[in-house]
Amino acid sequence: MSGTNLTLLLAFVLPLARLLGVRARGLTVVGLLMVVAFVILARPQPSVLRAAAMGLVALAAMTTGGTRRRAVRSLSVAVIALLLLDTSLARSAGFALSVLATAGIVLLGPGWRDALAHWMPLRLAEAISCPLAAQLACTPVVAWLSGQVSLVAVAANLLAAPAVGPATILGFGAAGIALLSSDLARLAGWLASWPARWIILVAETGADLPGAVSPWPATVAGVTILTLLCVALTFGLYRVLTRPLAVLLCLAILVFVVLRPTPRLGWPPANWFLVACAVGQGDGLVLRAGPDSAVVVDTGPDPTPMDRCLQDLGITRIPVLVLTHFHADHAGGLAGALNDRQVGELEVTPYFSPPAEHRRVQALATAHRIPIRPVTYLERRTVGALTWTTLWPAQVPSLPDNPSTTTDNESSPENNASIVMLVETAGLRILLTGDLEPEAQRAVLAAHPDLRADILKIPHHGSARQDPAFFATADPRLAVISVGVANDYGHPAPRTLDLLTRGGAAIRRTDTAGAIAVTTDGDALATATQGRQP
């Protein structure tokens, strides 16, 4: 919910009221009634109340005569009033972002608009200065929350802005018309869907660009440095914006970085054979099968990081894509892996739970015309430079009446039905374990006493629930943990890290290193990292 929605609504309704002859206090009454209707329609939740207050402040910033002083006073009153009504907003990231964005528009927007207006139309200058000011003001907080800095936000907002007004007004109109006629409301909603689709297209296209975001350390030192850089920009940007050549040069550099026509320097290393992608709290593993092909094992919770990881690795063909189980942190990013790639088949666990996620995976596979096949116990396959054996599941439990639907459920049957693969490549053995729990780990160990592996993908993101005998038998030289930054589960657990350290394994984690590439010169193992990404 954005204050911009209310601002646009008022900017449409108040001139219309003026055309109908409403003047002076009458306009104030119309504006207040529209605010009340907006809050009631969108439900009086904290985010809606905050949007209403900030929308009024933003509208005040656009009026003429004493604009900045009046808008700063209005912003201050709105912030104090909201904090008095709900003190928990003082700890709300959304509230901080809303206030900062509005303050940026109020304090920086007018000056930057005037600087740009020296050499471009005023309307275009306003369209650029508002998102630029809001983005710069919010950047340190966004980096603190996400560990990244967006390089496309201003351009995306600029492209989406023309569609926001029609979508807002037609959508609000559809909601109001629905009280009178559902048929007319459907027509208004259909009309509103077209500008909304444009906004979605801009968002998805922008997020898919190779350099859409740049990783940034979400630490006190990192955010402090970024804040100082943003403060320096606020003082120096006015001079840049008054010079067309300087603006065009900065824009050209930004376009080059975002489109990234060349791979990231040093990434991926030339002789990589395994990459653990930085997909957040989940698994996304890539096993090299050829120059531009790979076997992918799990896809993380979100399509964008998985797609970007495969783009960076130059993967265009996936002969086999394996989903170890159907929890969303392993299968949620499937669409990203399928995006613009030739996928031969989809291998899945024969335990089709949670049912909703299984149905979603089936629908995606059907839409892309990809055959989907449950694995069989002890099957052995070879694809390019890779050979693997499926060690688990040996037997599939029947589905319970109420199967787990959580993405990180301890001792769940979904976790224990994870596909376990023993992969051989470059003379090395890699043990991939999904989210296997101790019960299933002991069963795998009983069925396969020779579990020795050079590389072990630690089960369940380093959860504390691990079987020491399983780790001791695998006896890996390298332990890879795919885990999200500052996750809510306490992964990886200190007990698990201690278990690996005592076993002599080198440990690499995606939450601290970003994507991890494993390389070899025939005997020794080495790793290269891409830098932390959320």
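No donor-acceptor pair under 3.5 Å is formed between the side chain of Thr227 and the backbone N or O of Pro140. Trp198 places a side-chain N or O within 3.5 Å of a backbone atom of Leu159 that can act as its donor or acceptor partner. In this structure a side-chain-to-backbone donor-acceptor pair under 3.5 Å is present from Ser193 to Trp190. When atom types are taken as modelled, the side chain of Thr87 and the backbone of Leu83 share no donor-acceptor pair closer than 3.5 angstrom. When atom types are taken as modelled, the side chain of Arg113 and the backbone of Ala127 share no donor-acceptor pair closer than 3.5 angstrom. With hydrogens and angles disregarded, no donor-acceptor distance shorter than 3.5 Å links the side chain of Thr205 to the backbone of Val202.
Closest heavy-atom contact between Val30 and Ala17: CG1-CB, 4.2 Å. When every heavy atom of Ser88 is checked against every heavy atom of Asp86, the shortest pair comes out as OG-OD1, 2.6 Å. The shortest non-hydrogen separation linking Val247 to Leu241 is CG2-CA, 3.8 Å. Shortest non-hydrogen contact noted between Ala167 and Ala196 is CB-N, 4.2 Å. Across all their heavy atoms, Ala207 and Ala212 have their closest contact at O-CB, 3.9 Å. Of all the heavy atoms in Ile199 and Ala160, the pair that sits closest is CG1-O, 4.1 Å.
Between Leu116 and Ile128, the closest side-chain pair of non-hydrogen atoms falls below 4.5 Å. For the pair Ile481 and Arg508, the minimum side-chain heavy-atom distance is 4.5 Å or more. Looking only at side-chain heavy atoms (C-beta outward), Gln148 and Ser214 stay at 4.5 Å or farther from each other. Trp216 is listed as a side-chain neighbour of Ile225, based on a closest heavy-atom distance under 4.5 Å. Within the 4.5 Å cutoff, no side-chain heavy atoms of His460 are placed close to those of Tyr489. Leu151 places none of its side-chain heavy atoms less than 4.5 Å from the side chain of Leu209. Side-chain contact between Arg509 and Leu497 is present, with heavy atoms from C-beta onward closer than 4.5 Å. Cys277 places a side-chain heavy atom less than 4.5 Å from the side chain of Val275.
Heavy-atom neighbours of Arg495 CZ from other residues, nucleotides or ligands within 6.0 Å: above the threshold of 12.
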side-chain contact (heavy atoms from CB on, under 4.5 Å) assessment of Thr234 paired with Leu108
CA-CA 8 Å; Thr234 61; Leu108 304 176; 3.9 Å; yes
Output, in order, the C-alpha distance, side-chain angles, deciding distance and verdict of side-chain contact (heavy atoms from CB on, under 4.5 Å) for Trp119 and Thr242.
CA-CA 8 Å; Trp119 56 278; Thr242 57; 5.6 Å; no
I'd like to know whether Trp112 forms a side-chain contact (heavy atoms from CB on, under 4.5 Å) with Leu136, so could you lay out the CA-CA distance, the side-chain angles of the two residues, the decisive distance to 0.1 Å, and finally the verdict.
CA-CA 12 Å; Trp112 291 354; Leu136 188 66; 3.4 Å; yes
Evaluation steps, side-chain contact (heavy atoms from CB on, under 4.5 Å), between Trp272 and Leu313
CA-CA 10 Å; Trp272 70 273; Leu313 296 174; 4.2 Å; yes
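A donor-acceptor contact closer than 3.5 angstrom is absent between the side chains of Thr304 and Asp307. Between the side chains of His461 and Asp329, at least one donor-acceptor pair of N or O atoms lies under 3.5 Å. Ser181 and Asp183 form no side-chain donor-acceptor contact under 3.5 Å, judged by distance and modelled atom types alone. With no hydrogens or angles considered, a side-chain donor-acceptor pair links Gln530 and Asp312 at under 3.5 Å. Looking only at atom types and distance, the side chain of Asp435 has no donor-acceptor partner in the side chain of His327 under 3.5 Å away.
For the atom pair Arg341 CZ and Ile318 CD1, the distance stands at 6.0 Å (nearest 0.5 Å). Expressed to the nearest 0.5 Å, how far CG of Asn339 lies from CD of Glu204 amounts to 10.0 Å. Atom CD1 of Ile105 sits about 11.5 Å away from atom CD of Glu126, to the nearest 0.5 Å. From His325, atom NE2 reaches atom CD of Glu357 across 10.0 Å, with rounding to the nearest 0.5 Å. Note that CD of Gln362 is 9.0 Å distant from CZ of Arg359, once rounded to the nearest 0.5 Å. To the nearest 0.5 Å, the span separating OG1 on Thr299 from CG on Leu321 amounts to 6.5 Å.
Of the options Val297, Asp298, Thr324, Ile516, a side-chain contact (heavy atoms from CB on, under 4.5 Å) to Leu285 is made by Val297 and by none of the others.
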